[in-house]
Amino acid sequence: MADLAKPIAPSSFYLEFDGLTELVFKSVKLADYKPKVQGKDAAIGSTKGGKSIRQINSSGFEGLFSFDCVCIASPTANSASKKMYEWFEKCLPASDGGKSSFYSSKKTGSITAYDNDDKEVAKWEFTDAWPSKYKCADFDVTGDTYLEETFTITCEKFNRTV
């Protein structure tokens, strides 16, 4: 009898960046990673009898990859929200109130998924990453959840390694 596939639970994960470990994140939302396609469904020519010729070529992946990581806002110095905002601030230009150390602040990192026995079952690694966007949740007196902060992380390479 063939082994049954064990699905990966999306609730058991760990996100880390160089120098930013032991941080707690509520969620990581991955974006689509699509190859650049030339031609698509456009006709490139016509043959005898009026038949259209189409050709689709993949020319690799285009642009940068980005994903969102969400953490619960906390005033403690070692919280994910504080550490991530400090990194975001380092990457901002001085004209926007930042520290202007974009290139030296890029990091590598990984997202690791675990099974029910806490064993690593999947891993995605990324390089040359930086926080490119920050959003704080809206303040609302009728709200019934914790304040969340979302950081969009942009990276130049993203691959599944396990």
Side-chain angles (χ1 to χ4, degrees), residues 1-38 40 56-92 98-99 101-162:
M1 183 166 131
D3 290 337
L4 295 176
K6 289 175 63 176
I8 298 171
S11 60
S12 298
F13 69 93
Y14 181 64
L15 170 62
E16 67 180 325
F17 303 94
D18 286 336
L20 296 175
T21 58
E22 303 301 321
L23 300 180
V24 177
F25 293 94
K26 180 181 176 186
S27 66
V28 177
K29 300 173 184 175
L30 300 179
D32 292 341
Y33 201 24
K34 298 178 183 177
K36 184 171 97 176
V37 178
Q38 296 295 322
K40 299 183 183 173
I56 300 173
N57 294 325
S58 174
S59 56
F61 291 95
E62 179 179 66
L64 303 171
F65 182 82
S66 66
F67 61 91
D68 290 342
C69 54
V70 179
C71 50
I72 304 298
S74 172
T76 62
N78 288 325
S79 71
S81 66
K82 293 285 277 185
K83 295 285 186 185
M84 292 296 292
Y85 190 81
E86 289 169 1
W87 182 26
F88 176 71
E89 192 175 37
K90 284 181 184 176
C91 294
L92 281 176
K99 309 284 186 203
S101 57
F102 171 75
Y103 290 106
S104 63
S105 296
K106 289 182 177 182
K107 298 183 179 297
T108 61
S110 64
I111 302 166
T112 306
Y114 299 94
D115 67 9
N116 291 337
D117 297 322
D118 297 329
K119 292 181 183 158
E120 182 179 309
V121 292
K123 188 170 195 166
W124 294 263
E125 294 179 346
F126 47 87
T127 59
D128 291 321
W130 70 94
S132 58
K133 182 179 175 183
Y134 165 76
K135 172 152 182 10
C136 185
D138 297 333
F139 289 87
D140 182 355
V141 296
T142 64
D144 60 356
T145 62
Y146 293 109
L147 187 67
E148 295 179 355
E149 293 178 298
T150 303
F151 296 88
T152 299
I153 305 301
T154 301
C155 53
E156 296 178 17
K157 188 175 181 184
F158 188 93
N159 291 308
R160 182 170 175 174
T161 57
V162 175

Does Asp117 use its side chain to pair, donor to acceptor, with the backbone of Lys119 at less than 3.5 Å?
no
With sequence neighbours left out, the residues meeting side chain to side chain contact (heavy atoms under 4.5 Å, CB included) with Lys106 are Phe102, Tyr103, Asp128, Trp130, Glu156
Nearest-0.5 Å distance, OG1 of residue Thr142 to CG of residue Asp140
3.5 Å
Take a 6.0 Å sphere around CG of Asn116 and say whether it holds more than 12 heavy atoms from other residues, nucleotides or ligands.
no
The test is side chain to side chain donor-acceptor pair (under 3.5 Å); show your working for Asn78 and Thr76 and say whether it passes.
CA-CA 6 Å; Asn78 288 325; Thr76 62; over 6 Å; no
Sub-4.5 Å side-chain heavy-atom contact between Glu16 and Ser110
yes
Search all heavy atoms of Thr152 against all heavy atoms of Ser66 and return the closest pair with its distance.
CG2-CB, 4.0 Å
Tell me whether Lys107 contacts the main-chain N or O of Asp18 through its side chain, where contact means a donor paired with an acceptor under 3.5 Å.
yes
Using 30° and 60° as the class boundaries, would you call the ring planes of Phe17 and Phe25 parallel, tilted or perpendicular?
perpendicular
Under 3.5 Å: donor-acceptor pair, side chain of Thr112, backbone of Lys123
no
What heavy-atom pair brings Ser132 and Phe88 nearest, and what distance separates the two atoms?
C-CE1, 4.2 Å
Considering residues, nucleotides and ligands other than Tyr134, do more than 12 of their heavy atoms fall under 6.0 Å from its OH?
yes
Rounded to the nearest 0.5 Å, the OG atom of Ser101 sits from the CD atom of Glu89 at a distance of 9.5 Å
For the residue pair Val70 and Lys29, establish whether any side-chain heavy-atom pair is separated by less than 4.5 Å.
yes
Just do the side-chain contact (heavy atoms from CB on, under 4.5 Å) check on Glu120 and Val162 with the steps written out, would you?
CA-CA 9 Å; Glu120 182 179 309; Val162 175; 3.6 Å; yes
Do you know which two heavy atoms are closest between Arg160 and Ala122, and how far apart they sit?
NH2-CB, 3.4 Å
Restricting to non-hydrogen atoms, name the atom on Phe126 and the atom on Ala129 that form the minimum distance, rounded to 0.1 Å.
CD1-CB, 3.8 Å
Taking all non-hydrogen atoms of both residues, which atom of Met84 and which atom of Leu20 are closest, and how far apart?
SD-CD1, 4.2 Å
Tell me if a side-chain donor or acceptor on Tyr14 pairs with a main-chain N or O of Glu22 at a distance below 3.5 Å.
yes
Atom pair CG/SG of Leu147 and Cys136 - distance to nearest 0.5 Å:
4.0 Å
Distance in Å, Cys155 SG paired with Trp124 CH2, rounded so as to fall on 0.5 Å steps
14.0 Å
Would you indicate whether the side-chain heavy atoms of Phe151 and Trp87 approach each other to under 4.5 Å?
no
Are Glu149 and Lys135 close enough for a salt bridge, meaning some N to O gap below 4.0 Å?
no
So CD1 of Ile153 and CG of Leu30: to nearest 0.5 Å the spacing works out to 12.0 Å
Within the side chain of Ser79, is there an N or O that forms a donor-acceptor pair under 3.5 Å with the backbone of Ser74?
yes
